[in-house]
Amino acid sequence: MRIDIITVLPELLESPFSHSMMKRAQSKGLLEVHLHNLRKWAVNEYGQVDDYQYGGGAGMVMMCEPLVNATEELSTQRRYDEIIYLTPDGNMLDQKTANYFSLKENLLVICGHYKGVDERIREHFVTKEISIGDYVLSGGELAAAVLVDAIGRLIPGVLNDETSALFDSFQDNLVAPPVYTRPADFRGWKVPDILLSGDPKKIDDWRQEQSLRRTHERRPGLLKGDE
Ligand code: 6GU
C-alpha cells in the first residue's frame, strides 16, 4: 500500500512513521508513506496556501489552487482509491473503517489546517471525510498519524504474529481481555489461575468471557450495535 499525505507541516509527521510498527511495515516493503509539503504548490513566492474567508470572520481557509494542483499532479502518477480529508466534522474513524482502508492500494490524505479547506475541494476531490474523535485538534497531521497507524498495522504481514490483529479490541465489536506477564505473583497480586493452567481451550473460553464482560461494563453500546 502507498499513502501520500499533503500537509503544511511535513516535519510533524516524520517521526510518527519512523519507529516501531510503521517503520517495520515500510522496511518490509508493505507500506510506503510519502509526505508532500503543500507549499510546493503555493500561489506565490511567499509560500501562500491560505487566505481570508469570504463573508468575514476570524481564521484562514486553505485555498483551492494549491490543493487542486497538488492533488492533480499526484493523481497523474497513480489512481487513488480514496482521497481522504481529515476534519473534525468527518465520519468517526473506527476499526471497521481502518479495515476498509487497509485493503486499498493507494490513498491520498489531505490534512486540514486553520479553519479548514475551501468547501469546493471537499465537493470535487475528496471521497471520504474522516475525524478521529469529538474534539478539535489544531491541524489534521496528528489525525493523519493516527489514521496511518491504524491502517498500516492491519496490512497483512505487518504484525509479527499475523493472527494478533484478529484479537484486537473492536475487531469483533468487543474490547480486549486483560493480559498478564511474569511474575505470576507480584506483591500478592495474582495472575488468574486459568492462564497458568496450560489448557488452551479453557484459556480461550476465559478470554472470550472476559471480553464480553468488559464490553458490557465499559462499552455497552458496542454490543447493542449503536456505537
Ligand atoms: Cl481529522 N482534524 C482536526 N483538526 N481536529 C480533529 C480531527 C481532525 N479529528 C478530531 N479532531
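Counting starts at 1 for both ligands and their atoms, in listed order. By convention here, the first residue in the shown sequence is residue 1. None of these values were measured; they are calculated from a predicted model.
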Please report which non-hydrogen protein atom sits nearest to [atom], along with the residue it belongs to and the distance in Å to one decimal place.
| atom | answer |
| --- | --- |
| atom 9 (N) of ligand 1 | I132 N, 3.0 Å |
| atom 10 (C) of ligand 1 | G133 O, 3.0 Å |
| atom 5 (N) of ligand 1 | L137 N, 3.0 Å |
| atom 2 (N) of ligand 1 | P88 CD, 3.6 Å |
| atom 1 (Cl) of ligand 1 | T87 N, 3.1 Å |

Take I110 and T7 through the test side chain to side chain contact (heavy atoms under 4.5 Å, CB included) and record every step on the way to the result.
CA-CA 7 Å; I110 299 173; T7 166; over 6 Å; no
Does L147 have a heavy atom less than 4.0 Å from any atom of ligand 1?
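For ligand 1, residue contact (heavy atoms, under 4.0 Å) with L147 is absent.
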Between E209 and R213, is the closest basic N to carboxylate O distance under 4.0 Å?
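The answer is yes: the pair qualifies as a salt bridge.
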Under 4.0 Å from ligand 1, counting heavy atoms only, is it the side chain of D134, its backbone, both or neither?
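Neither; nothing of D134 gets under 4.0 Å from ligand 1.
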For the 3.5 Å polar cut-off, considering only N or O atoms, please tell me whether [X] and ligand 1 meet it.
| X | answer |
| --- | --- |
| I130 | no |
| Y135 | yes |
| V136 | no |

Which pair of heavy atoms, one from [X] and one from [Y], lies closest together, and at what distance?
| X | Y | result |
| --- | --- | --- |
| K128 | V126 | O-CG1, 3.4 Å |
| I132 | Y135 | O-OH, 2.9 Å |
| T215 | N173 | CG2-O, 3.8 Å |

Gap separating the CG atom of L196 from the OH atom of Y180, nearest 0.5 angstrom:
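Answer for the CG-OH pair, L196 versus Y180, is 10.5 Å.
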Any cation-pi pair here, K96 with Y100, using under 6.0 Å and within 45°?
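No.
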Is it true that atom CG of D193 has more than 12 heavy atoms of other residues, nucleotides or ligands lying nearer than 6.0 Å?
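Atom CG in D193 is not crowded, with 12 or fewer foreign heavy atoms closer than 6.0 Å.
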Hey, which atoms in ligand 1 end up nearer than 4.0 Å to a heavy atom of A143?
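Within the 4.0 Å cut-off of A143, ligand 1 contributes 1 (Cl), 8 (C).
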